[in-house]
Every structure is written in structure tokens, then in C-alpha cells.
Amino acid sequence: MALYRHGNELLPERREITGSIVRHYDYASRIRRGKRFGRLSKRRLSFWMFLLALLFLIYLSVFDVKLQLHGKFGRNSAIRDASLENFGFEGLGNPRPKHRKQHFPCDVDFVESVDDVIEPKDRMNFTQFSLEYIDREENPEPRFGGHQTLEERENTFYSRNQTMHCGFVKGPDGSPSPGFDVDWKDKEYMNTCRIVVSSCIFGSSDFLRRPTSKKIGDYSKKNVCFVMFLDEQTISKLSSEGHVRDDRGYIGLWRVVIVRNLPYIDMRRTGKVPKFLSHRLFPSARFSIWLDSKMRLHTDPMLILEYFLWRNGSEYAISNHYDRHCVWEEVLQNKRLNKYNHTAIDEQFTFYQSDGLTKFDPSDSNIPLPSYVPEGSLIVRAHTPMSNLFSCLWFNEVDRFTSRDQLSFAYTYLKLRRMNPDKPFFLNMFKDCERRALVKLFRHRPDGLPPPAASD
């Protein structure tokens with residue numbers, strides 16, 4: 001009988017039943033340890049595979065590496081590439097940079113004081129004609145933009161006495177309103193405005209950003225209408241965030257105007273109504289400044305009018321795009337970011353090319369604009385006949401085609417210019433860095449984030 005040590009004593013080892021149990025226990029333990037080791041190895045392997053996949057995805061997002069996807073996305077990509085080649089994009093390459101460019105404001109030579117601002121008295125050098133608007137159609141299906149035929153559309157590009165489609169088109173007697181309804185008290189107020197700064201938020205798509213009150217002079221506070229158009233959904237959201245109208249209907253400098261019965265399902269298209277048709281919303285206004293909701297104004301409006309219109313004799317001012325100058329590039333970017341239905345973009349772009357739209361050529365000394373793509377978030381206007389006509393024409397393109405107004409700007413301007421060679425339109429396309437000097441820029445409201453602190 002074998003002996004084994006326990007402490008300092010040698011004890012006999014039992015080999016009968018106990019021995020077989022011990023051997024069986026040792027064997028079972030080895031099996032369990034092997035299974036446990038296998039489970040742990042699989043867990044470690046899964047963990048490391050997950051970690052490597054995560055690092056790879058981070059690498060793709062940081063360095064903008066593109067994957068060639070198959071199936072549905074691959075088919076769409078092939079269609080997109082074919083359509084780009086058909087439209088002549090093959091020479092553009094990929095305009096999307098690997099890293100976002102930084103853009104900075106530049107110095108703007110404003111006059112020192114609003115007291116030094118002098119509005120020009122004589123504007124007779126601007127093209128003069130009478131412009132009226134179609135108020136009603138007998139079509140049983142009323143549309144806010146009306147039912148304009150292609151022949152009617154073509155004739156509206158002539159700067160002559162005419163009555164044209166320009167939104168707010170009612171249907172037959174007894175038919176529902178075409179949309180963009182405001183209270184009669186707000187209409188009365190808007191009819192009194194002579195100089196307007198306006199903006200809008202529809203569909204609760206952004207925060208409310210008040211003009212910087214300390215940057216606005218007393219004259220502008222008394223004589224300029226600051227109007228913010230909101231729908232009921234947005235005013236409810238803003239109220240829950242602490243932006244409550246006072247007894248006069250103001251939030252800070254903004255006079256809030258509630259719009260009911262929005263004319264379009266697409267909120268972006270609805271936003272083009274106050275953006276382009278300020279001469280219709282404010283029929284007595286002589287000048288207007290449009291601000292996108294992503295911007296907070298911190299420059300006196302009178303300084304803006306003097307610098308962009310009065311100083312150089314312009315009747316319309318808009319900044320060029322900070323990155324793109326050719327409509328071909330803008331089409332490509334809209335498709336890449338899925339800004340709108342690709343087929344609709346193709347139809348619009350094909351139509352424009354067939355009607356003479358050409359690529360932007362910066363080497364052409366006779367090119368009429370420094371860019372064919374505007375930034376569009378700041379528009380400064382004198383309400384002259386030519387400015388009003390251009391605004392109606394641009395709106396009608398947005399109503400007929402896509403809501404991406406940067407696609408239709410150059411076509412509208414160039415066609416208006418081509419069809420009226422002896423009737424100038426004084427459009428000032430200024431540098432985007434100057435736009436950045438007038439306002440503080442923000443991103444649009446991201447879902448799920450709290451609002452920024454209110455500031456005057």
C-alpha cells in the first residue's frame with residue numbers, strides 16, 4: 001500500500017473505490033477545464049474581433065475611405081455614375097475634400113455710424129416697368145404657385161409690363177385657401193413696413209436666434225420691421241424652451257407671425273415663400289434683408305443696406321458659395337448627400353442644359369458673375385421691378401422643380417439677362433467672407449440636443 005504525506009505524517013493511500021473516484025474526478029475536471037477554456041477563448045476572440053471592427057469603422061469615418069457597396073446601393077451608385085457622365089461630370093473629379101475646409105470672415109468697410117448712412121434719392125437708373133400678379137385661377141385644384149404653363153413661364157422672363165404667377169394663387173370661389181395664411185392683425189402690421197429683416201422656422205427645424213440687440217441702433221429698432229415667420233408646431237416647441245411672446249407678439253426684436261395652412265408638405269419649399277417673396281408679404285416695403293434661421297444678426301440693417309446696395313448702386317445682393325462655383329458641382333453634391341430625389345434633380349438639370357445653361361468658366365473675362373452657385377442664406381434687396389421679377393422667377397423654378405434653390409439661381413439669372421440684353425439687372429454677388437462678418441453662424445437644430453441659451 002502506498003503512502004502519501006499529510007503534514008509531517010505518512011498516511012496510507014486507499015486505492016479501492018476511492019481511487020477510481022479520484023481518477024474519475026481528475027478526468028472530469030480536465031474536461032470541464034477544457035470546456036471552460038474553450039468558452040473563454042471564444043469570448044476573447046469575439047471581443048478582439050469586435051474591437052478590430054470598431055477600430056476599422058473609426059478609421060473609415062476619420063479618413064473618409066469609401067467602400068464599394070453591392071446590391072441596392074451598388075446599383076444606385078452605378079446609375080449615379082452613369083448619369084454624372086452623361087451630364088458631363090467626368091472632368092470635375094471628386095469635389096468633396098477629405099477634411100472640412102475652414103472659412104473665416106473678412107473685414108467689411110462699413111460707415112462708422114448709422115448717422116452717416118444716406119439713402120440714394122434717385123433710383124431711376126433701374127429698369128422700370130409694371131409688374132402685377134395672378135391672384136386667382138379657375139382650376140378646381142388650387143395650388144399656391146398656380147398652374148403655370150411652359151409658354152406662360154417663357155413669357156415671364158421678359159422685363160416688361162405683365163401679370164405673372166408669383167405665389168398666393170387662389171382657386172375658384174368657395175375653394176380652400178392655397179396656404180400661407182396669417183392673421184389679419186399681422187397683415188396690417190406687415191403692410192406698414194418700409195424696411196424689413198425677416199426669417200422663418202417651419203416644422204420645428206431650428207432654434208430661435210434673436211438679433212444681437214446691442215449691435216442694432218435706435219433708428220433701426222424704431223424703423224425696421226424684424227419679422228420671424230413660424231408655424232404652430234414651431235411656436236409650441238419654442239414656448240416649451242422658454243421663448244414666449246410678450247403682449248405685443250414679440251420675442252426680443254422679432255415680431256412673431258404665425259403661419260397656418262402651410263402650402264407645401266416639404267418644409268424647405270415652404271421656407272422659400274418668405275425667402276423670395278418678401279415684396280408680396282410686405283407690399284409697402286422698399287428694402288428687405290433675408291436671414292436664414294442658422295444665423296444671428298449682429299450688424300445694424302442700415303449699415304448692410306448702405307454697404308451692399310446703396311454704395312455701389314445695386315438692387316439685389318447675395319453672396320457666392322464658400323466652396324462651389326459651378327452648377328455641375330452643386331448637382332453632384334446634392335446627389336452625394338441625398339439632398340433631394342435624384343431623378344427630380346436629373347430632370348431639372350437636363351431641362352436647364354437644353355435651355356442653354358453652361359459650366360462656370362472662371363477664366364472667361366466676360367463671365368457675368370463671380371460664381372454660378374450662391375450661398376443663399378443672406379439676401380439684401382431693393383424692391384425694384386427687376387428685383388421683384390427675378391425673385392418671382394426664382395420662386396417659380398423652386399415651385400416647378402426641386403426645392404434646392406442653388407440649382408436654379410444661375411439658370412434664372414442668366415436667362416433673364418439673355419432675354420433682356422438692353423435692360424440691366426444690377427445684382428451684386430459679394431464674397432462669402434463678408435456674409436460671415438455680418439452674422440454669427442450656427443448649425444441647424446440637431447435632434448435630441450437642448451437649445452442654446454437665449455441671447456439679445
Side-chain angles (χ1 to χ4, degrees), residues 114 117 168 177 179-263 267 270-271 273-275 277-305 378-381 383 438-440 442 445 451-456:
V114 174
V117 172
F168 302 96
S177 166
F180 214 88
D181 301 330
V182 300
D183 187 80
W184 65 272
K185 290 184 179 180
D186 291 324
K187 282 187 177 181
E188 283 189 345
Y189 170 78
M190 291 157 62
N191 287 340
T192 66
C193 296
R194 299 293 183 267
I195 300 175
V196 181
V197 175
S198 64
S199 186
C200 74
I201 307 172
F202 296 131
S204 191
S205 59
D206 216 336
F207 301 118
L208 181 69
R209 299 181 174 97
R210 309 180 191 182
T212 307
S213 182
K214 63 183 179 181
K215 296 286 186 177
I216 312 297
D218 291 337
Y219 179 88
S220 292
K221 289 178 180 178
K222 294 178 181 178
N223 295 280
V224 176
C225 296
F226 294 85
V227 177
M228 173 64 72
F229 294 97
L230 306 173
D231 62 341
E232 293 176 291
Q233 174 188 346
T234 303
I235 190 62
S236 176
K237 176 70 172 178
L238 294 177
S239 297
S240 69
E241 296 171 350
H243 297 286
V244 180
R245 289 175 289 176
D246 62 19
D247 295 338
R248 298 185 303 144
Y250 284 82
I251 300 177
L253 289 180
W254 287 123
R255 166 68 179 256
V256 174
V257 173
I258 303 300
V259 180
R260 297 176 175 84
N261 187 22
L262 301 184
M267 295 298 166
T270 298
V273 176
K275 179 174 182 177
L277 305 185
S278 58
H279 60 290
R280 302 225 54 198
L281 290 165
F282 305 94
S284 301
R286 295 178 291 113
F287 302 97
S288 64
I289 299 172
W290 164 261
L291 286 174
D292 191 88
S293 60
K294 69 183 179 183
M295 301 192 301
R296 172 178 291 149
L297 182 68
H298 59 69
T299 305
D300 193 288
M302 302 306 296
L303 300 180
I304 294 175
L305 293 175
L378 174 70
I379 299 176
V380 188
R381 294 180 49 196
H383 289 194
L438 310 179
V439 297
K440 184 174 181 180
F442 299 85
R445 176 194 289 269
S455 172
D456 286 343

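Using a 30° and 60° split on the angle between ring planes, F202 and F180 fall in the perpendicular class, above 60°.
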Dump the intermediate steps for side-chain contact (heavy atoms from CB on, under 4.5 Å) on L303 and V114, then the final yes or no. CA-CA 6 Å; L303 300 180; V114 174; 4.1 Å; yes
Given V197 and L291, is the side-chain contact (heavy atoms from CB on, under 4.5 Å) satisfied, shown in steps? CA-CA 7 Å; V197 175; L291 286 174; 3.9 Å; yes
From CA spacing to verdict: salt bridge (charged side-chain N to carboxylate O under 4.0 Å, His left out), D186, R255: CA-CA 9 Å; D186 291 324; R255 166 68 179 256; 3.2 Å; yes
Please report the C-alpha distance between E232 and R260 in whole Å, then the side-chain angles of each, then the deciding distance to 0.1 Å, and finally whether the side-chain contact (heavy atoms from CB on, under 4.5 Å) criterion is met. CA-CA 7 Å; E232 293 176 291; R260 297 176 175 84; 3.3 Å; yes
Audit row: V224, V196, side-chain contact (heavy atoms from CB on, under 4.5 Å) steps and yes/no: CA-CA 6 Å; V224 176; V196 181; over 6 Å; no
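Contact detail for I216 and K221: the closest heavy-atom pair is O-CE, 3.2 Å. Residues S220 and M302 share a closest heavy-atom pair of OG-CG, 3.2 Å. When all heavy atoms are compared, the tightest approach of W254 to L208 is CD1-CD1, 4.0 Å. Across all non-hydrogen atoms, the minimal contact from L253 to S213 is CD1-CA, 4.3 Å. In terms of heavy atoms, T299 sits closest to L438 at OG1-O, 2.9 Å. Closest of all the heavy-atom pairs between T192 and R194 is O-NH1, 3.1 Å.
Rounding to the nearest 0.5 angstrom, the gap separating the CE atom in M295 from the CH2 atom in W290 is 9.0 Å. The NE2 atom of H298 sits 13.0 Å away from the CZ atom of R209 when rounded to the nearest 0.5 Å. With rounding to the nearest 0.5 angstrom, the OG1 atom of T212 is 7.0 Å from the CG atom of L297. With rounding to the nearest 0.5 angstrom, the CZ atom of F207 is 6.5 Å from the CD atom of E241. A distance of 11.0 Å separates CZ of F226 from SG of C193, quoted to the nearest 0.5 Å. Note that CE of M190 and OG of S278 are 10.0 Å apart. Values are rounded to the nearest 0.5 Å.
The number of heavy-atom neighbours closer than 6.0 Å to OH of Y219, taken from other residues, nucleotides and ligands shown, is 12 or below. Heavy-atom neighbours of K187 NZ from other residues, nucleotides or ligands within 6.0 Å: at or below the threshold of 12.
Under a 3.5 Å cut-off, the side chain of H383 and the backbone N or O of A285 do form a donor-acceptor pair. The closest donor-acceptor contact from the side chain of T234 to the backbone of S204 lies under 3.5 Å. In terms of modelled atom types and a separation under 3.5 Å, the side chain of R286 and the main chain of I195 share no donor-acceptor contact. Side-chain atoms of S284 come within 3.5 Å of backbone N or O of N191 as a donor-acceptor pair. The backbone N or O of K237 lies less than 3.5 Å from a partner atom in the side chain of S240, making a donor-acceptor pair.
At least one side-chain heavy atom of I289 sits less than 4.5 Å from a side-chain heavy atom of L305. Contact of the F168 side chain with the L281 side chain is registered, since non-hydrogen atoms from C-beta on lie closer than 4.5 Å. With contacts defined as side-chain heavy-atom distances shorter than 4.5 Å, the pair S288/F282 does not qualify. Put simply, the side chain of L378 does not reach to within 4.5 Å of the side chain of D292, judged on heavy atoms.
When each of V259, I201, L230, V244 is checked for a side-chain contact (heavy atoms from CB on, under 4.5 Å) with I235, only L230 meets the rule. None of P274, S199, S198 except one satisfies the side-chain contact (heavy atoms from CB on, under 4.5 Å) rule with M228; the exception is S199.
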